[in-house]
Amino acid sequence: MTAEQVITVRGDAELVARAGHLFTGVRHEFVCAARDLATWSQPEARHSMIGQMPDPGASGLAVRKLYTPVALVDEASRTHLREAVARGIEVRISSTPLPHETIVIDRRVMILAGRDQPGPREYTLTTSPTLVSGVYALFTAAWDAATELTAYLRGDAPHLDEDSRAVLRALGAGHTDETAARHLGLSVRTYRRRVAELMEALDAGSRFQAGLRAGELGLTG
């Protein structure tokens, strides 16, 4: 790409073809903001680019990734992010909404993912210093206001004993109250009381919110 160029590509495959070298050529800093981890319709294309990036911390490379709590709703995602932190990637969780995906490479190239739509997703690539610096400033503000992953997960998580976790797992499995109570050896009345206690402990207004909140806090593993 030439200075201040703006181009649009369609689909992950074209993005890899047109911008793959930008990922492998990153030297100083790679930052990414996204709602969740499911940002590519073809994960293999993502792996082909991300997998060729230098290791975080190598040659001074800094990697920062910012997500919303939606990225923490299942144990596989939380494990993936914990492993990323272990590899030297900085991960923070933002309480404010984020775009579908924004990537800035070495503060000189920016990639913006378009909305989900029928057919290939569109990506906009630009080297415009004005656009890149503006979006980078927004990223920095969101980053500074966000919470580091480990601190977020342990933050205000309530203590749940094994019985409470069993009730939480039953909720996640989608069982009826009668089935869940029978499986746990409880009366339906006792099971419902424990569900209500869980919802209060998790500050949730519904069973669905309780499950989501438990996922955010890493309590469902």
Side-chain angles (χ1 to χ4, degrees), residues 1-71 80-81 84-85 87-149 151-152:
M1 295 181 65
T2 59
E4 300 198 32
Q5 184 178 6
V6 179
I7 63 173
T8 299
V9 300
R10 290 179 58 81
D12 297 351
E14 186 177 356
L15 178 63
V16 171
R18 299 291 296 272
H21 66 286
L22 299 175
F23 287 75
T24 58
V26 59
R27 291 292 177 265
H28 307 293
E29 183 183 48
F30 180 95
V31 304
C32 171
R35 178 177 178 270
D36 53 39
L37 302 182
T39 55
W40 294 61
S41 59
Q42 300 177 25
E44 64 278 6
R46 176 185 184 277
H47 295 318
S48 72
M49 290 204 300
I50 301 298
Q52 296 181 53
M53 287 177 54
D55 290 333
S59 304
L61 176 64
V63 180
R64 294 188 289 164
K65 296 189 175 184
L66 182 65
Y67 297 101
T68 71
V70 177
H80 174 83
L81 292 178
V85 171
R87 297 199 312 272
I89 295 173
E90 293 185 77
V91 178
R92 291 189 181 183
I93 304 300
S94 171
S95 60
T96 58
L98 296 173
H100 297 282
E101 184 165 28
T102 302
I103 292 172
V104 180
I105 300 173
D106 288 335
R107 303 194 195 187
R108 62 183 181 82
V109 181
M110 179 173 62
I111 301 171
L112 301 176
R115 293 181 176 275
D116 286 324
Q117 58 184 7
R121 171 179 282 184
E122 290 189 348
Y123 297 90
T124 299
L125 289 70
T126 182
T127 53
S128 166
T130 300
L131 294 176
V132 173
S133 63
V135 171
Y136 187 85
L138 293 174
F139 172 88
T140 300
W143 178 266
D144 289 344
T147 304
E148 187 270 337
L149 175 68
Y152 186 93

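Computation of the quantities below employed the complete heavy-atom set of this structure, encompassing side-chain atoms and omitting hydrogens, waters and symmetry-equivalent molecules. In this chain, numbering begins with 1 at the start of the sequence shown.
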Visitor: Can you tell me how far OH of Tyr123 sits from OG1 of Thr8, rounded to the nearest 0.5 angstrom?
Guide: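 Taking OG1 in Thr8 and OH in Tyr123, the distance rounds to 12.5 Å.
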Visitor: Among residues at least two apart in sequence or on other chains, which ones pass side-chain contact (heavy atoms from CB on, under 4.5 Å) with Ser94?
Guide: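 Ser94 satisfies side-chain contact (heavy atoms from CB on, under 4.5 Å) with Leu66, Thr96, Leu98, Ala146 once adjacent residues are dropped.
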Visitor: Suppose the criterion is salt bridge (Lys or Arg N to Asp or Glu O under 4.0 Å): which pairs have a residue in residues 89-100, not counting sequence neighbours?
Guide: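 Listed once each, the pairs would be none.
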Visitor: For Leu125 and Leu15: C-alpha separation, side-chain torsions, deciding distance, then whether side-chain contact (heavy atoms from CB on, under 4.5 Å) applies.
Guide: CA-CA 9 Å; Leu125 289 70; Leu15 178 63; 3.9 Å; yes
Visitor: Would Asp36 and Thr68 satisfy side-chain contact (heavy atoms from CB on, under 4.5 Å), going step by step from the backbone distance to the final call?
Guide: CA-CA 6 Å; Asp36 53 39; Thr68 71; 5.6 Å; no
Visitor: I'd like to know if the side chain of Asp106 and the backbone of His28 have a donor-acceptor N/O pair within less than 3.5 Å.
Guide: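 Yes, the answer is positive, given that a donor and an acceptor are paired below the 3.5 Å cut-off.
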Visitor: If you round to the nearest 0.5 Å, how far is CG of Leu37 from NE2 of His80?
Guide: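 Answer for the NE2-CG pair, His80 versus Leu37, is 5.5 Å.
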Visitor: Is there a side-chain contact between Phe139 and Cys32 (heavy atoms, below 4.5 Å)?
Guide: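 No, their side chains stay 4.5 Å or more apart.
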Visitor: How long is the straight-line distance from OH of Tyr67 back to CD1 of Ile93, given to the nearest 0.5 Å?
Guide: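 One gets 8.5 Å once the value is rounded to the nearest 0.5 Å.
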Visitor: For Phe30 and Leu61, which heavy atoms make the closest approach, and how far apart are they?
Guide: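 Here Phe30 and Leu61 meet closest at N-CD1, 4.4 Å.
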Visitor: Looking at Glu101 and Arg35, is any side-chain nitrogen of the basic one under 4.0 Å from a carboxylate oxygen of the acidic one?
Guide: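 The answer is no: the pair does not qualify as a salt bridge.
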Visitor: Roughly how far apart are Ser133 OG and Met110 CE, rounded to 0.5 Å?
Guide: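 Answer for the OG-CE pair, Ser133 versus Met110, is 9.0 Å.
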Visitor: Walk me through whether Val31 and Ile103 qualify under side-chain contact (heavy atoms from CB on, under 4.5 Å).
Guide: CA-CA 6 Å; Val31 304; Ile103 292 172; over 6 Å; no
Visitor: List the steps and the verdict of side-chain contact (heavy atoms from CB on, under 4.5 Å) for Val132 and Thr130.
Guide: CA-CA 6 Å; Val132 173; Thr130 300; over 6 Å; no
Visitor: Please determine which of Thr102, Val104, Leu131 meets the side chain to side chain contact (heavy atoms under 4.5 Å, CB included) test together with Tyr136.
Guide: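 The residue from Thr102, Val104, Leu131 that satisfies side chain to side chain contact (heavy atoms under 4.5 Å, CB included) with Tyr136 turns out to be Val104.
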Visitor: Which value, rounded to the nearest 0.5 Å, describes the distance between Thr127 atom OG1 and Gln5 atom CD?
Guide: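 CD of Gln5 is found 6.0 Å from OG1 of Thr127.
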Visitor: For the CG atom of Leu81 and the NZ atom of Lys65, what is their distance to the nearest 0.5 Å?
Guide: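 Output value for this atom pair is 8.5 Å.
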Visitor: Using salt bridge (charged side-chain N to carboxylate O under 4.0 Å, His left out) as the criterion, list what pairs up with Glu122, not counting sequence neighbours.
Guide: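 With sequence neighbours excluded, Glu122 shows a salt bridge (charged side-chain N to carboxylate O under 4.0 Å, His left out) to Arg10, given in chain and number order.
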